[in-house]
Amino acid sequence: MKEWLKKISVSLLLAGAELVLGLLLLIKPVEFTSIVIAVIGALLAVLGGFHLYRYIRLSREEAAKTWKLASGAGLLVIGICAIASQRWLLALLSTLTTLYGGLALAGSFMKLQIAVDALRGKRPFWYLMAVSFVVSVVLATLLFLQVFNEGSVWVITGIVLLVTAVLDGVYFFLGRQKKSPAVQKAE
């Protein structure tokens, strides 16, 4: 039972994240993407600083065995560049779109796992997560193929995220039942 609650909680977290991302992409796509790039840049800069600090704290012999100086300096520079100017990253929209397609595809396979586990466990409303999986896979495929033009990609992505968020949220609330009514009657 704990394992099922854990999986259903994952679906609720996915739904919440998709809902927020979808709304932000619909309201202010370029501004939101710039903020995401700046936040990732800040995280990279902090991680780079941490690597540099760890390198300095190591003895000469231990430090020579690691790549902490190179990775720290590289992460720090990339992070600062991302914070200072998001325009050059926004120019790489096709690469970002492909990257998002990869993330969407990875997330969709988690939905597939939840749907199949729900079906095998004879849980009701398993098909909601299956539909969410299909929608996510289709979006990821379209993003990989770069079917959309630069202006519409974020709006379409936002709409699809909202649809999958609603499906995931409905599944979370309806999928809490232990068994389907048909199975309960048979017992």
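Quick note: residue numbers are just sequence positions, from 1. None of these values were measured; they are calculated from a predicted model.
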Using side-chain heavy atoms (C-beta onward) and a distance below 4.5 Å, is [X] in contact with [Y]?
X	Y	result
Val116	Leu112	yes
Gln113	Phe109	no
Tyr55	Trp67	no
Ile40	Val36	yes

Can you hop from [X] to [Y] via hydrophobic side chains spaced under 4.5 Å?
X	Y	answer
Ile114	Tyr127	yes
Leu119	Val170	yes
Val39	Val77	no
Tyr53	Leu44	no
Trp126	Val135	yes

Tell me the closest heavy-atom pair linking [X] and [Y], and the distance in Å.
X	Y	result
Leu52	Ala73	CD2-N, 3.8 Å
Lys111	Met129	O-CG, 3.2 Å
Leu76	Gly49	CD1-N, 4.4 Å
Val137	Ser108	CG2-OG, 3.5 Å
Ala165	Leu19	CB-N, 3.4 Å
His51	Ser71	ND1-OG, 2.8 Å

Rounded to the nearest 0.5 Å, what separates atom [atom1] in [X] from atom [atom2] in [Y]?
X	Y	atom1	atom2	result
Ile56	Lys68	CD1	NZ	12.5 Å
Ile78	Leu47	CD1	CG	11.0 Å
Arg54	Leu58	CZ	CG	6.5 Å

Ser136 side-chain N/O to Ser132 backbone N/O, donor-acceptor pair under 3.5 Å =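 Yes; judged by distance alone, with no hydrogens or angles, the pair exists.
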